[in-house]
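Contents: one structure, followed by commentary.
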Amino acid sequence: MFRRLINKAKNLFSKGKEKKHMKKDEMQISKNIEENYKQIEKLFAKSEDVTIRRFIMGKGDVKAFALFIDGMINKKLVDDDILKPLMLSTRSIKPSEEKIPNVYNWVKERVLVTDELKETTSFKKSVDAALSGDAAIFIDGYDRALLASTRGWEERGVQPPTTETLIRGPKEAFTETLRINTSLLRRKIKNTKFKLESMVIGEVTGTQVVIGYIEGLANPKIVKEVKKRLKDIEVDSILDTGYIEEYIEDNPLSPLPTMHRTERPDAVASKLLEGKVTILVDGSPSALTAPTIFMEFLLTSADYYQRAIFSTFTRWLRYISFVITLLLPALYVAVISFHQEMLPTPLIITIAAEREGVPFPSFVEAILMGLMFEVLREAGTRMPRPIGQAVSIVGALILGDAAVKAGLTSTPMIIITALTGIGVFVIPSVDMALTLIPLRFLLALLAATLGLFGILLGMLIITIHMASLRSFGIPYLSPLAPGTYQGLKDTLVRAPWWAMNTRPQLMTENEVRQDINQKPQDPEDNEENLIDE
Amino acid sequence: MKRKVILLVIITLLSSSISGCYDRRPIDNLALVAATGIDQAKDKDKIRLTVQIIKPSVIKGESGSGGTKGQSVWVLSTTGYTVLEAVRKFTEQVGRNLFWAHNMIIVFGEDLARQGVNEYIDFFNRNPELRKRSWILISKGVDAKEILEAKFDLESIPASAIDLLVKSEKDNAKVRAVDLQEFSKLLVNPQVSPTAARIELVAKDDLRKKEKKAKETGAKEPPKRVRANGAAIFKEDRLVTWFGEKEVRGLLWVLGEVKNSIVVISCPDDKDKKISLEVTQANSKITPRFVDGEPVINIKIKEEGNLGDQMCKENLVTLEGIEMLERRQAAVIRNEIRLALKQAQEVNSDIFRFAQVIHRSFPQKWKKIKGDWDEIFPRLQVNVEVDSEIRRIGLVKRANEAK
């Protein structure tokens with residue numbers, strides 16, 4: 001019976017597989033300008049933002065036109081650096097000279113003063129260039145087009161991060177423009193070894209995707225694997241890094257994320273320096289990094305900017321709240337329905353008193369309150385900002401307090417729900433935080449049916465699953481399992497920078513990060529540094 | 001492969017519902033037992049089991065603001081031939097399952113204790129819910145039920161008040177506190193006679209009179225107060241005698257369980273004036289010897305303490321003074337031990353573990369006298385040696401003289 005069901009499901013899915021490729025336009029540019037013009041007009045019919053500027057060059061009748069898209073080009077640049085020289089300075093060409101040597105080369109080498117100039121014979125390429133903000137110049141009699149870089153559109157500037165705010169550390173975040181994002185990275189890593197390779201994914205959207213890595217640090221196998229997986233994507237559109245993530249992650253059905261997403265250039269830079277690979281997508285203000293281990297989701301870049309002892313403390317705080325937010329409702333349900341002997345007498349009296357008159361079993365109570373919190377949280381993210389405050393008042397004060405007074409739930413449950421709900425946001429990665437929510441409900445279900453034994457089972461399942469995960473070949477639980485001493489320096493504690501001598505093993509090609517003996521010394525121990533009094 | 005995994009997940013999820021929350025006991029379906037009492041029922045074969053059940057909502061109301069306050073606990077009894085039978089009868093009255101994990105005290109009535117407690121302790125050892133830390137108390141002169149009905153002003157749950165009482169009196173070496181675990185061990189050990197804490201109502205006669213008066217006049221019943229001190233001395237599993245405050249400390253000196261206590265001695269010149277010495281540390285060593293084939297026990301007590309206060313005016317903080325204090329203190333301790341020994345020997349109850357000590361030191365000789373121990377113990381020669389030391393004398397040399 002299952003087989004039939006599964007086959008049916010397979011058929012349903014495979015229908016979508018029939019490729020509806022856009023017809024590939026392998027047309028070449030014609031020598032006849034009128035033909036080109038007609039072709040372009042046909043292609044861009046009903047596109048009111050497309051401009052085709054016709055003009056005549058020189059004193060004679062060399063017809064030409066420029067194709068660009070209004071709003072995506074820098075108008076001043078097109079006017080001053082392309083149209084003006086083409087129309088004015090070509091006047092010096094004498095009719096007799098016009099055929100020799102040839103106008104095309106002359107224009108290319110002497111007239112156009114833009115910094116970036118490409119040429120192509122492919123019709124498609126010239127249209128694509130125009131679509132991404134270049135100006136394509138067609139000249140009568142030549143089967144080639146000149147592509148001048150004139151990009152310039154309204155864009156959001158670099159702003160402080162909104163979801164990953166820190167007290168110390170750089171306060172800039174990625175924006176939607178790919179070029180700005182790459183420049184943010186390049187400014188941090190001024191090195192020729194820092195490579196940025198580009199490719200275009202998405203047959204309709206034609207989105208530019210950039211892979212960044214540091215040669216000599218990144219494992220070439222991983223870089224190759226990332227490129228291969230990206231090349232294998234055949235899809236109509238890529239609108240955000242989230243699309244890419246789902247197409248290339250190792251275990252797409254796992255609830256746990258196996259790629260890290262961040263909006264902080266400094267975080268990406270630090271990961272690049274560990275030998276990881278980053279993927280930037282045009283139009284998306286977040287970058288993906290791979291390979292990703294589980295521990296990365298519990299660390300923030302501020303850990304590395306603050307003092308080591310304090311960072312270790314906050315790190316452990318995060319680990320503890322991770323466990324709390326995953327297990328607290330389940331533990332509560334298990335203890336008060338199965339293991340009452342575990343509670344101290346005064347506590348069990350209080351809980352029993354609170355539970356008196358609550359109509360639901362504690363599991364239903366936990367699910368109801370948990371869902372209520374999730375509804376409030378989801379509403380909070382959608383809510384227009386001016387209404388947000390009203391929601392928090394309704395949620396926190398009225399719903400919580402009233403639910404207890406109405407006898408729908410007990411006060412300990414409210415405390416547990418609040419603690420778990422808030423505890424989630426101690427985890428720096430939103431991806432990981434949201435993953436925990438369904439897991440938490442699952443564990444509560446196991447706890448309600450089997451008690452602490454159920455929780456143990458659930459944790460075993462989760463741990464085994466995590467141990468089996470790989471992210472681009474790197475074990476998900478490393479450096480805990482397989483454990484390395486050097487890895488623990490950046491996991492159990494945040495060792496001071498002078499003590500972290502190696503990059504994460506497994507990932508990088510070059511483990512040595514610095515010389516040993518970088519610990520600051522007492523100047524009196526070092527006689528050279530003695531200051532004469 | 002993939003299908004197998006999906007199948008496995010479905011089976012796992014479905015199987016979790018098969019158990020149907022087996023063994024689940026919602027907290028609001030439990031009756032929390034705080035104290036248990038066992039008496040002899042009117043029908044001689046049966047026992048009367050009394051439990052003190054906590055009423056959580058009343059206790060919560062008390063800590064909150066005002067409101068009507070009922071009793072914070074519910075004391076009720078059933079009878080039965082066995083303990084479990086009596087326990088199950090509570091369902092007729094309670095409607096919830098009794099939950100034993102938070103039981104703090106188990107009280108045996110004197111009448112029942114004199115007939116033997118072994119048959120009734122089995123339930124408490126067998127039940128997995130019960131903690132073995134419940135105190136075993138023997139009520140002197142009154143039924144266990146009356147002890148459970150006593151009220152306390154500070155604690156809302158009487159059982160926890162008695163629990164605290166036993167603990168603090170234990171620290172003062174005024175009660176021989178024994179929990180279920182230790183009591184069961186003592187019961188099964190053939191070489192030791194069990195002991196347990198004594199609990200009684202304060203000024204019993206006085207309260208009874210008041211009670212009568214109250215009943216006649218219809219006034220409110222005066223609250224009963226309880227006191228936990230002394231010890232109940234068993235022979236095998238039967239209560240044979242009571243130890244008072246002095247004797248119980250004598251017993252505790254020998255067992256080495258005096259942690260913190262006050263020894264009061266008289267001033268050298270004036271018998272009416274007293275000096276109190278604070279014990280800070282004490283340990284005991286029991287060494288058996290054989291003289292002419294007869295066992296002799298040597299008890300050596302090493303005790304350290306401070307000078308707590310003195311009523312007399314002499315300066316006792318001299319070498320001779322301190323020595324005198326130490327001598328007197330040793331005499332008091334010796335006397336207490338003698339009292340305890342005498343009473344124990346009278347009822348032939350080896351509560352000091354002498355048999356065990358002899359067995360361990362002289363296993364061969366013990367085998368010979370083992371059968372005659374009941375005759376040997378009452379006339380056993382015991383030498384007591386007390387080494388008392390005063391370590392600190394406080395901030396003043398002598399007491400201030402009033403003008």
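Below, read A as the first sequence line, B as the second, and so on, with proteins coming before strands; counting in each chain starts at 1.
Contact of A:T345 with chain B is made through backbone and side chain together, with heavy-atom distances under 4.5 Å. Heavy atoms closer than 4.5 Å to chain B are found nowhere in A:V335, neither backbone nor side chain. Of the two parts of A:P346, neither the backbone nor the side chain holds a non-hydrogen atom closer than 4.5 Å to a non-hydrogen atom of chain B.
Looking at heavy atoms from C-beta onward, B:I54 lies out of side-chain contact with A:I348 at the 4.5 angstrom threshold.
For B:Q181, the CD atom counts as densely surrounded, since its 6.0 Å shell holds more than 12 non-hydrogen atoms of other residues, nucleotides or ligands. Atom CZ of B:R88 sits in a sparse spot, with 12 or fewer heavy atoms from other residues, nucleotides or ligands closer than 6.0 Å.
A donor-acceptor contact shorter than 3.5 Å is absent between the side chain of B:R25 and the backbone of A:S337. Side chain of B:R131 to main chain of A:E341: a donor-acceptor pair is present (N/O by atom type, distance under 3.5 Å, no hydrogens or angles).
Counting all heavy atoms, side chain and backbone alike, B:S57 lies closest to A:E356 at OG-OE2, 3.3 Å. Across all non-hydrogen atoms, the minimal contact from A:I349 to B:P56 is O-CB, 3.5 Å. Minimum heavy-atom separation, A:V358 to B:D28: O-OD2, 4.1 Å.
Rounded to the nearest 0.5 Å, atoms CG (A:L253) and CD1 (B:I6) are 8.0 Å apart. Taking NE2 of B:H102 as the reference point, atom CD of A:Q340 lies at 7.5 Å (rounded to 0.5 Å).
Scanning for side-chain hydrogen bond (donor to acceptor under 3.5 Å, both in side chains) contacts around A:E249 gives an empty result, with sequence neighbours left out.
Per-residue heavy-atom pair counts under 4.5 Å with chain A were compared for B:N29, B:L30, B:I27, and the maximum is reached by B:I27.
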